[in-house]
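Notes to accompany the following structure.
No hydrogens, no waters, no symmetry mates; every other heavy atom, side chains included, goes into these values. Source: prediction; values computed, not measured. All chains are named by letter (A, B, ...) in the order of the sequence lines, taking the proteins before the strands, and each is independently numbered beginning at 1.
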Amino acid sequence: MATFFGEVVVAPSRAGLDEEEEAREETPEDREIRREIEKKRYRMEVDVLWTWQAGGCAKEPLACSRFIVAIGRNAAAFLSSFILDSVCWEVVGVVKLWNEWCRTSSTTNVLPTDSFCLFYRLISDPTVLLCQCSCYVAEDQQFQWLEKVFGSMQKKDLQVTILSTCPVADYKTQESTLTLVSPFLKALKTKEFQEQVCCPLLEQPNIVRDLPAA
Amino acid sequence: MFIPCDRGGDSAAPDFKGFTLLMPAVSVGNVGQLAIDLVISTLDMTKVGYFYTDCLVPMVGNNPYATAEENSTELSINAEVYSLPSKKLVVLQIRSPFIKNKYRPFCETLLSWVKSSKCARVVLLSSSHAYQRDDEQLLGTPLRYLLTPDLEKAVGGRMKELNWKEMEKVAAYPGISDTDKVLHIPGGGITKLLFTESCSEGIQMAVLLKFCSEGDNIPDAFVLVNYLNEWLQLIKSEVNPSSQWKIPSSWRLLFGNGLPPALF
């Protein structure tokens, strides 16, 4: 594909590239780096550590009636500012993962600028769980995150609320986004969710991707 | 992998025995996927389930084929299955790219699902980079087909009647004559893998593909879906076949939002 200045560049295609094709264009150094990253990724799986497991208790599914997940720094900050406090909520779990963008650790003493993924429980009603996930969960880790977190929960009558943010520039609408009053809320819900939603539903052709979608 | 939709009282899993499975490859211009959108939207197909898979990037949105307020709020995800029993047609739509290193497991799981659900044949809609054509391919039709040996026996004659062109094989080592010819589908995503696996596993598969480039691929999708229709006759094509296909509401705003008035 030619650019405005006439030089020819290889445009990234929407097609799924064959790995053989990708490998041919790599230098030996690139290949070595890629192999090391892959080794590190697969060695360090996504680990969900619950506080009660430290004592060697049996892995019973957690009784959970409401699970609120805040994904991304903005949503995590919202929970920190308006919901969480050390009087009503206690830390009950942490996710440990590594990818090229961030690393989380098993410490629960975090700064707002850290990358972390923590679980809290409402002390007055221990079936209410909250998750603050400010770290980036890579696309090949999202499924694992999902299975390990939800695998620890008893899912009958569970209501899940996912909080997330997207840039206004990504919002597809007939008018220009410059004239839109932002920030604004949109929602997606499953048909099983019968309660009133507090904002309009997300219109076509907008979509949500990555961990919130998973 | 396949999870049927909860249909309330009727909880039996749908039966695809003897059906034709129509599906896209995620390929250059997303032409196969756009063509599948046209098929699902025009034939008003019913969603019967989805694939629960870790091989595709997750995504979710509201019903991409919504026609009114009432049907616009059903969630839709990255790999869903639609069916039209009256035409013995089952359609898989894929809406996101493969996660790194996951396209092979997906192909294996898909083909074993095809076998276990006893689909009669698979039709794969795909595309290939137009700039990789050789001199001869630059002339004439940009459409090609491929048939696995088992399907060749059944419908090879029909392709000849339709005057369709089979995808050419290319030299394994270009520039060196007297070399083996191999199948090469650049930009075709999983097309070649699915096709070669189907050949070796005795699955009846047809590949229909178009040479194209990235850009506005809606016209390419129409050309491909009309090509498919010449064979499968999904809609009546006597007058102007292109006008018979219904564009889904999710195709709005493919190239960005409206312009800010302050620009002028």
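- Both the backbone and the side chain of B:N63 have a heavy atom closer than 4.5 Å to some heavy atom of chain A.
- Heavy-atom distances place the side chain of A:Q142, and not its backbone, under 4.5 Å from chain B.
- Neither the backbone nor the side chain of B:S96 comes within less than 4.5 Å of any heavy atom in chain A.
- Contacts of A:N206 with chain B are made by backbone atoms alone, with heavy-atom separations under 4.5 Å and no side-chain atom involved.
- To the nearest 0.5 Å, atom CZ of residue A:F143 and atom CD1 of residue B:I99 are 9.0 Å apart.
- Remark: B:E69 CD is loosely packed, at most 12 non-hydrogen atoms of other residues, nucleotides or ligands lying under 6.0 Å away.
- In terms of heavy-atom pairs under 4.5 Å with chain B, the best-connected choice from A:E139, A:R209, A:K191 is A:E139.
- Between chain B and the residues A:Q144, A:K189, A:K172, A:E147, the most heavy-atom pairs under 4.5 angstrom are made by A:K172.
- In this structure, A:E203 CD and B:T73 OG1 are separated by 12.5 Å, a value rounded to the nearest 0.5 Å.
- Remark: A:R73 CZ is packed, more than 12 non-hydrogen atoms of other residues, nucleotides or ligands lying under 6.0 Å away.
- With rounding to the nearest 0.5 Å, the separation of CD1 in A:I207 from CZ in B:R95 is 10.0 Å.
- Two residues are said to be in side-chain contact when any heavy atoms from C-beta on lie closer than 4.5 Å; A:D140 and B:N101 fail this criterion.
- Expressed to the nearest 0.5 Å, how far OG of B:S72 lies from CG of A:L201 amounts to 7.5 Å.
- When the shell of 6.0 Å around CZ of A:F82 is examined, it contains 12 or fewer heavy atoms from other residues, nucleotides or ligands.
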List the steps and the verdict of side-chain contact (heavy atoms from CB on, under 4.5 Å) for A:L188 and B:V60. CA-CA 9 Å; A:L188 284 173; B:V60 65; 3.7 Å; yes

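- The minimum heavy-atom distance linking A:P205 with B:S250 is given by the pair CB-O, 3.3 Å.
- The number of heavy atoms from other shown groups lying within 6.0 Å of NZ (B:K169) does not exceed 12.
- Interatomic distance, CG of B:L75 versus CZ of A:F193, reported as 12.0 Å (0.5 Å rounding).
- Here the shortest heavy-atom pairing between A:Q204 and B:P64 reads CG-CA, 4.4 Å.
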